[in-house]
Amino acid sequence: MPRTKGDHEARRRDVSEAVWRVLAAHGFGGLTMRAVAAELGATTGLLTHYFRTKGDLVAYALDLLERRTEARPRRAAGPGTSAVRAALLDILPLTPEATGSNRIWVSSWDTALADPGLRADHARKYARGRDKLRDLIVEAQRLGELSPGDPDRIAAGAQAFALGLVVQALLDAPAFPPRRQIELLDDHLAALAPARGG
């Protein structure tokens with residue numbers, strides 16, 4: 001019986017889910033054709049219909065990670081500092097799902113650093129994140145909720161703060177539970193607020 005387009009799409013979804021489960025369990029360091037095939041209950045030969053090389057598999061996994069990250073629900077917030085805060089909270093590993101996604105992102109850094117093309121692609125992704133954050137900061141400054149200053153510099157500092165907090169929370173979850181992450185983020189934002197007049 002000939003295979004239909006629906007069969008092919010269903011198999012692609014199965015492959016995507018298998019890739020995601022391998023990433024969640026082992027990170028990019030454990031992402032191999034054999035591991036994905038085992039997770040799928042298939043042969044590595046079947047996977048060659050989707051990925052000719054390990055590089056193709058890694059590129060697909062990075063794309064899958066980005067698509068899942070973009071599709072994740074975001075916090076709703078009004079304009080100003082609350083929007084900046086919501087954007088930064090969306091980065092942090094505050095839930096099991098966000099923790100799993102962040103573990104995969106952090107594991108991807110080593111892979112990206114070893115490949116100039118992937119490194120440049122990662123750099124572009126983080127630059128886009130800073131640009132979005134900068135736009136929120138500009139609006140918060142316009143509303144008088146954040147101190148004047150170079151919004152690009154403030155966005156870079158805020159992104160670096162959030163990513164550093166991600167790493168600490170992943171490495172030492174008991175010392176950086178969600179509540180403490182939120183408190184530290186709020187401290188960071190409070191330091192950017194205009195000084196109150198007496």
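A quick note: this is a predicted structure, and the numbers were derived from the prediction, not measured. The analysis underlying the following values was restricted to heavy atoms, covering all of them including side chains, and did not include hydrogens, waters or symmetry mates.
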Do Tyr50 and Leu57 pass the side chain to side chain contact (heavy atoms under 4.5 Å, CB included) test, and can you show the C-alpha distance, the side-chain angles, and the key distance before you say yes or no?
CA-CA 8 Å; Tyr50 300 93; Leu57 175 61; over 6 Å; no
Could you list all the salt bridge (Lys or Arg N to Asp or Glu O under 4.0 Å) pairs where at least one residue sits in residues 140-159, not counting sequence neighbours?
Arg134-Asp152, Glu139-Arg142
Under a 3.5 Å distance rule, please check whether [X] uses its side chain to pair with a backbone N or O of [Y] as donor and acceptor.
X	Y	result
Arg85	Leu189	no
Lys132	Ala87	no
Thr81	Ala140	no
Asp14	Leu40	no
Arg119	Leu113	yes
Thr44	Met33	no

Would Leu62 and Phe28 count as a side chain to side chain contact (heavy atoms under 4.5 Å, CB included) if you check the C-alpha gap in whole Å, the side-chain angles of each, and the deciding distance to 0.1 Å?
CA-CA 9 Å; Leu62 287 168; Phe28 275 82; 3.5 Å; yes
Output all residues satisfying side chain to side chain donor-acceptor pair (under 3.5 Å) with [X], sequence neighbours left out; order by chain, then residue number.
X	value
Thr99	none
Asp115	none
Thr111	none
Ser101	none

side-chain hydrogen bond (donor to acceptor under 3.5 Å, both in side chains): which pairs involve residues 30-43, sequence neighbours left out?
Arg21-Glu39
Shortest non-hydrogen contact from [X] toward [Y]:
X	Y	result
Ala77	Ser82	CB-O, 3.4 Å
Ala83	Leu136	O-CD1, 3.7 Å
Leu165	Gln181	CD2-O, 3.6 Å
Pro93	Val166	CD-CG2, 3.8 Å
Leu170	Val106	CD1-CG2, 3.7 Å
His122	Ser108	NE2-OG, 2.9 Å

First locate atom CD of Gln159, then atom CG of Leu163, and finally report the distance between them rounded to the nearest 0.5 Å.
5.0 Å
Any side-chain heavy-atom pair from [X] and [Y] closer than 4.5 angstrom?
X	Y	answer
Ser147	Gln141	no
Val58	Phe51	no
Leu184	Phe161	yes
Trp105	Lys125	yes
Val22	Glu17	no

With a 6.0 Å cut-off (strictly less than), is the heavy-atom count around CZ of Arg52, excluding the residue itself, greater than 12?
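Open: at most 12 neighbouring heavy atoms sit under 6.0 Å from CZ of Arg52.
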Should [X] and [Y] be regarded as members of a common hydrophobic cluster, given that ILVMFWY residues are connected when their side-chain heavy atoms come within less than 4.5 Å of each other, either directly or indirectly?
X	Y	result
Ile91	Tyr126	yes
Val167	Leu88	yes
Val138	Leu133	no

Salt-bridge present (Arg124, Asp121; N to O < 4.0 Å):
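Between Asp121 and Arg124 there is a salt bridge, with a charged N closer than 4.0 Å to a carboxylate O.
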Look at Arg179 together with Glu183 and state whether they make a salt bridge at an N to O cut-off of under 4.0 Å.
yes
